[in-house]
Amino acid sequence: MTSSSHRIWPLKGGVHPDFHKEESNQQAIATAPLPDKLIVPIRQHIGELGELVVQVNDYVYKGQILTTQPEGLGSLTHAPTSGTIIDIGRYPIPHASGFSCPGVILKPDGKEDWGEHRLSPHSNHLSADKNQLLEQLYQAGLVGLGGAAFPSMVKISTADKSTIKTLIINAAECEPYITCDDMLMRESADELIQGILILIQLLQPEQCLIGIEENKPEAIAAMQSALTTANNNVIKLVTIPSIYPSGDEKQLIQILTGIAIPKSTLSFDYGILCHNIATVHSIYNAVVKGEPLISRTVTITGSGVKHPQNFKVLIGTPFHHLITTAGGYTEKAERLLMGGPMMGFSMQTDEVPVVKATNCILALSEAELPYSLTMAMPCIRCGKCAEVCPVDLLPQQLYWHARAEDLEKVQQHKLFDCIECGCCSYVCPSNIPLVSYYRHAKGAVRANAEKLQKTDQARERHEYREFRLQREKDERKAKLAKHKAALQKKKAAMAAAKANGNNKQNAVSDVIKAAMERTKAKKAAAQQQAKQSQPRNTDNLTVAQQQQIDQADARRSASTKQNTETDNK
Ligand code: SF4
Ligand code: SF4
């Protein structure tokens, strides 16, 4: 469907800089030659990092996964080509912070050998299972290529749970000098439409709007032709006015739908999901070709480069290799930026690698920059900065408070609503690099919050230590009391046992005594018996006397027998 049938809303504020697009969009996208080495950082996305699973001297295949799966929000990193890992360490990355990041140095062998590491392509991708598609996107390490590098699979699977009514494809490419999306649309429109159809299969939106700035007529024609071939009436191609920053996600949503997404609110909440057109191409490559995100299109441009052009570049390719491929530097190359002149940031060295978020490498003279610290003059309170701010801020007020490092006031003036588009700096007649002050202030607020958090954590740690020490003290005290009680109990038991023992001893003595008495009595009885059993002279006794004597003997004999039985018992 054409743009004429879709209403658009005007962008508030914005500027019309000289776009410098024709400098790099006059030649087809070329494939950059393999460099001597690739520097592959594992931090190329928002979220958690996996751990490296390769070692120095390991041979790796093209597309081989180099890290473990990150916990939670994160993305996988792959070897961009086959070769040998020659070093593991921390290397500078192209980031506003200037930080370094863990990664590997890969020496290519020139074979481009995938081994078994290409993902299984989905030949019938438009009827593939949703979960399989999502898993494929995760295994491909896809992130948003518009600059934020948010893991695509997370974005899509989160959106899948809510109802997405409108899918927006951001093909505005409003930043001056950058033409990689423009060239991609001119050359790969059919693949891009297939990629969009995969997203439609996953999200089932009611409508899909592709927003392209009107200064890309060739790209618009190519996309329109591919769309006609696809014959899908959910997708609408919408041309929008060329005004910066129409390509900012929230600004584009407003232009295409009229909905202003408030700060701290997600577009999901409004049933809208936005993807960059280059991300759509990486979705196509992952699902249909089975290729993980190991390369992307990068614009090498600016007056500081001899032959500006777009290149298909392996992730990890050093900037200087691409500058050389584009003919080398000119005498105007005073500043090197990643990104465009409005939102890009300066590089201190060209020894940094292309990462997933690198869309442009720009070499310019100082004078060509839209704003510069060295040429700043005092503010004349003209108010032009407020007129162009697309998010309705008061840039001049923000500037004063940021300059005074009044972190409370800058936050009151909605510092974090600033999208850092640089429009205010661009129009400032005093050449004040306003956006640099805001970036600095944001950094200071974050650092302050981090410091406060650390102080809170230190206090909590101290309080917990005090609590732990007291608890241990109480536990020791309780243990001691328990020990004492047990000891006393034991003593009492011993005393009782002793008393019991004495009683038993007395009883034993009594038994022994009784036995001795009986033995004595027995002995006496035996002597008596012996005396009486002496032969008697019975010759002169009468019969009666003799009977009396026999009866007495019988009684004694019975008595003795009884005593003996008692003793035996
Ligand atoms: S545009 Fe520049 S000079 Fe004018 S008010 Fe804003 S900061 Fe001041
Ligand atoms: S940089 Fe921030 S303050 Fe300046 S115009 Fe853009 S959004 Fe407004």
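What you are looking at is a predicted structure, and each value in this text was computed from that prediction instead of being measured. Just so you know, residue 1 is the first one in the sequence shown, and it goes up from there. Remember, it's 1-based here, ligands and their atoms both numbered in the order they're listed.
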Show me the pairs that pass salt bridge (Lys or Arg N to Asp or Glu O under 4.0 Å) and involve residues 295-313, at least two apart or across chains. none
Which residue and non-hydrogen atom of the protein lie closest to atom 6 (Fe) of ligand 2, and at what distance in Å? Cys421 SG, 2.4 Å
Atom 2 (Fe) of ligand 2: which protein heavy atom is closest, and how many Å away? Cys418 SG, 2.3 Å
Check the angle between the aromatic planes of His413 and His401 and answer parallel, tilted or perpendicular using the 30° and 60° thresholds. tilted
Keeping waters out of it, list the protein N, O or S atoms under 2.8 Å from atom 6 (Fe) of ligand 1. Cys385 SG
More than 12 heavy atoms of other residues, nucleotides or ligands under 6.0 Å from CD of Glu408: yes or no? no
Atoms of ligand 2, numbered as shown, that sit under 4.0 Å from any heavy atom of Gly422: 1 (S), 6 (Fe)
Above 12 or not: heavy atoms from other molecules or residues under 6.0 Å from CD of Gln457? yes
Does the residue Val388 have a heavy-atom contact with ligand 2, meaning some pair of atoms that are separated by less than 4.0 Å? no
Exceeds 12 heavy-atom contacts within 6.0 angstrom, atom CD of Gln412: yes
Atoms of ligand 2 close to Cys389 [distance to a heavy atom under 4.0 angstrom, numbered from 1]: 5 (S), 7 (S), 8 (Fe)
Only counting residues at least two apart or in another chain, list the ones meeting salt bridge (Lys or Arg N to Asp or Glu O under 4.0 Å) with Asp392. Lys12
Taking only heavy atoms of Ile419 into account, list the atoms of ligand 2 that are under 4.0 Å away from them. 7 (S)
Give the atoms of ligand 2, by number and element, whose distance to some non-hydrogen atom of Tyr438 is under 4.0 Å. 3 (S), 4 (Fe)
Would you please say whether a donor-acceptor pair under 3.5 Å links the side chains of Thr77 and Thr67? no
Is it the case that the side chains of Glu334 and Ser365 hold a donor-acceptor pair, with the cut-off being a distance below 3.5 Å and no angle test? no
Using a strict cut-off of 4.0 Å, indicate which atoms of ligand 2 neighbour a heavy atom of Val391. 7 (S)
To the nearest 0.5 Å, what is the distance between CD1 on Ile42 and CD on Glu51? 8.0 Å
List, one per line, each side-chain donor-acceptor pair under 3.5 Å for residues 208-220, sequence neighbours excluded.
unit_1, atom_1, unit_2, atom_2, d
Glu213, OE2, Ile243, N, 3.2
Glu213, OE2, Ser246, OG, 2.6
Lys216, NZ, Ala172, O, 2.6
Lys216, NZ, Glu173, O, 3.1

